[in-house]
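Counting begins at 1 with the first residue of the sequence.
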Amino acid sequence: MTLHQRPSLQAVPAYKQGKPAAAGASKLSSNESPHEPLPSVLDAIRDGLQSIHRYPSIAAPQVTAELAALHNVDPAHLTLGAGSVEVAAQLIHAVAAEGDEVMYAWRSFEAYPSLVRIAGATPVEVPLDAEAKHDLDAMLAAVTEKTRLIFICNPNNPTGTVVEAEALERFIAAVPREVLIVIDEAYVHFDRSAVRADGVELFKKNPNVAVLHTFSKAYGLAGLRIGYAISPLEVAENLRKVAIPFGVSDLAQRAAVASLHAADELALRINEVVAQRERMYAGLAAAGYPVIASEANFVWLAAGADTAQIEARLEAGGVVARAFPGEGLRISSGSALDVDRVLAALGADSAAVAATEGATA
């Protein structure tokens with residue numbers, strides 16, 4: 001006997017987690033924080049261990065209140081999920097039905113195509129431009145009467161490029177008002193550019209814009225799974241309907257609140273990650289590698305046909321990166337030691353020193 005299964009799932013690959021690293025190696029394949037949890041966050045988690053026999057609050061009132069104050073929005077616009085990827089899935093299920101289209105740039109966050117297909121919708125992939133940025137003109141031209149949702153990953157994963165504010169504002173103004181535009185800002189805390197659009201401000205000014213944020217990256221809570229959306233009221237109401245009940249644990253909620261209270265400490269850690277990202281980029285660029293300036297917590301090495309060979313060199317040097325066969329490698333910004341290993345493995349350590357000296361001269 002053969003069990004009935006959804007035929008459409010044959011086109012859906014299982015999500016591929018970043019490669020694990022051997023003991024002592026640098027795991028730079030998943031864009032995780034290189035820092036251990038803050039003591040105050042660990043204390044908050046310990047305080048919650050005595051109540052793990054109880055269900056968490058679905059409404060998450062403390063987290064919601066903190067986030068509403070942080071972003072100066074009505075709490076009714078806020079919804080939570082097990083990481084921003086789960087909230088992205090909620091958005092697709094809330095907005096798109098079978099046969100509807102969901103658009104995103106490509107390459108971008110690799111979960112987008114699977115999430116769209118799982119929901120029964122049709123993915124529409126618009127290639128990045130020659131600078132590995134969103135091609136907004138091409139995306140606008142690809143909008144059809146079936147388009148229901150457009151993801152803008154900003155900064156983009158895995159290239160680290162940003163969509164400039166003026167360009168995104170023009171794009172939003174040109175997209176039909178019935179199409180929801182989701183600005184995925186998972187890496188926004190690492191952006192030091194002066195040109196990136198502010199997703200929350202765009203949400204406040206436009207009736208068809210939603211924003212995704214996560215506690216996984218800058219806040220270092222990847223293992224606890226908590227993210228959120230800020231969206232129009234009618235969208236937020238439907239997100240609550242499609243969300244997995246009790247999907248965000250009480251421990252995750254406690255850790256999120258503690259993290260929001262430790263903003264100054266986290267800012268120092270974020271600055272360290274950005275500094276190491278810049279050092280890695282400068283060294284690789286000075287050594288002649290095709291790297292792209294990034295505003296996220298990683299660097300994109302557009303290696304093309306050389307991807308497998310460079311991946312092997314990194315692994316031989318004790319570094320595990322995220323390889324996209326035939327396209328390139330995404331190397332997370334880790335500790336100073338991690339970046340030392342990357343530069344040494346690729347013979348870029350002397351170039352990194354020269355680049356650093358030139359920058360400080």
### Message
Using a 3.5 Å distance criterion without hydrogens, assess whether the side chain of Ser33 forms a donor-acceptor pair with backbone atoms of His35.
### Response
yes

### Message
What I want to find out is whether Arg279 reaches Asp340 closely enough, with some N-O distance under 4.0 Å, to be called a salt bridge.
### Response
yes

### Task
Return yes when atom CD1 of Ile244 has more than 12 non-hydrogen atoms of other residues, nucleotides or ligands closer than 6.0 Å, and no otherwise.
no

### Task
Mind telling me whether Phe246 and Tyr55 have parallel, tilted or perpendicular rings, with 30° and 60° as the class edges?
parallel

### Message
Heavy-atom count check: over 12 atoms from other residues, nucleotides or ligands less than 6.0 Å from Ile52 CD1?
### Response
no

#### Entry: No-hydrogen, no-angle side-chain donor-acceptor test under 3.5 Å, Glu86 and Gln90
yes

### Query
So does Glu178 have more than 12 non-hydrogen atoms from other groups sitting under 6.0 Å from CD?
yes

### Task
Keeping the roles fixed (side chain from Asn208, backbone from Val179), state whether a donor-acceptor pair exists under 3.5 Å.
yes

### Message
Looking at every non-hydrogen atom in both residues, tell me the closest pair between Leu115 and Ala88 and how far apart they are.
### Response
CD1-CB, 4.1 Å

### Query
Any idea how Phe215 and Tyr228 line up, ring-wise: parallel (<30°), tilted (30 to 60°), or perpendicular (>60°)?
tilted

### Message
Could you tell me if Asn156 and Ser108 have a donor-acceptor pair between their side chains, going purely by distance under 3.5 Å?
### Response
yes

#### Entry: Polar contact flag, side-chain donor to acceptor under 3.5 angstrom, Lys27-Ser30
yes

#### Entry: Glu201 bridged to Lys204 by N-O distance under 4.0 Å
yes

### Query
Looking just at side-chain N and O atoms, do Asn157 and Arg330 make a donor-acceptor pair shorter than 3.5 Å?
yes

### Task
Could you pull out the closest heavy-atom pair between Ala229 and Leu239, with the gap in Å?
CB-CD1, 4.1 Å

### Task
Verify the cluster assignment for Leu78 and Leu221: are they in a single hydrophobic cluster under the rule of side-chain heavy atoms below 4.5 Å apart?
yes

### Query
Which atom pair, heavy atoms only, marks the closest approach of Ala119 to Ile92?
CB-CG2, 3.5 Å

### Query
Do you reckon Leu266 sits in the same ILVMFWY cluster as Tyr187, going by side-chain contacts under 4.5 Å, direct or chained?
no

#### Entry: Test: Glu327 and Arg107 ion pair at under 4.0 Å
yes

### Query
Is the CD atom of Gln50 crowded by more than 12 outside heavy atoms at less than 6.0 Å?
no

### Donor on one side chain, acceptor on other, Thr79 and Arg240, under 3.5 Å
no

### Message
Would a single hydrophobic cluster contain both Val319 and Val291, if residues Ile, Leu, Val, Met, Phe, Trp and Tyr are joined by side-chain heavy-atom contacts under 4.5 Å?
### Response
yes

### Message
I'd like to know if the side chain of Tyr289 reaches the main chain of Leu346, judged simply by a donor and an acceptor atom lying under 3.5 Å from each other, with no hydrogens or angles considered.
### Response
yes

### Query
Would you say the side-chain atoms of Thr159 pair up with the backbone N or O of Ala132, donor to acceptor, closer than 3.5 Å?
yes

### Query
Is Leu224 reachable from Val85 through a run of I, L, V, M, F, W or Y residues, each pair having side-chain heavy atoms under 4.5 Å apart?
no

### Message
Students often mix this up, so state it plainly: with edges at 30° and 60°, are the rings of Tyr112 and Phe109 parallel, tilted or perpendicular?
### Response
perpendicular

### Task
Report yes or no: do Arg277 and Ser332 form a side-chain donor-acceptor pair below 3.5 Å?
no

### Query
Under 3.5 Å, is there a donor-acceptor pair between the side chain of Glu295 and the main chain of Arg192?
yes

#### Entry: Minimum heavy-atom distance Leu136-Ile152, with the two atoms named
CD2-CD1, 4.1 Å

### Task
For the pair Ser231 (side chain) and Val235 (backbone), establish whether a donor and an acceptor sit closer than 3.5 Å, ignoring hydrogens and angles.
no

### Message
Closer than 3.5 angstrom, by distance alone: can the side chain of Ser51 be matched with the main-chain N or O of Arg54 as a donor-acceptor pair?
### Response
no

### Query
When Arg196 is tested against each of Glu164, Glu185, Glu169 for salt bridge (Lys or Arg N to Asp or Glu O under 4.0 Å), which residue passes?
Glu185

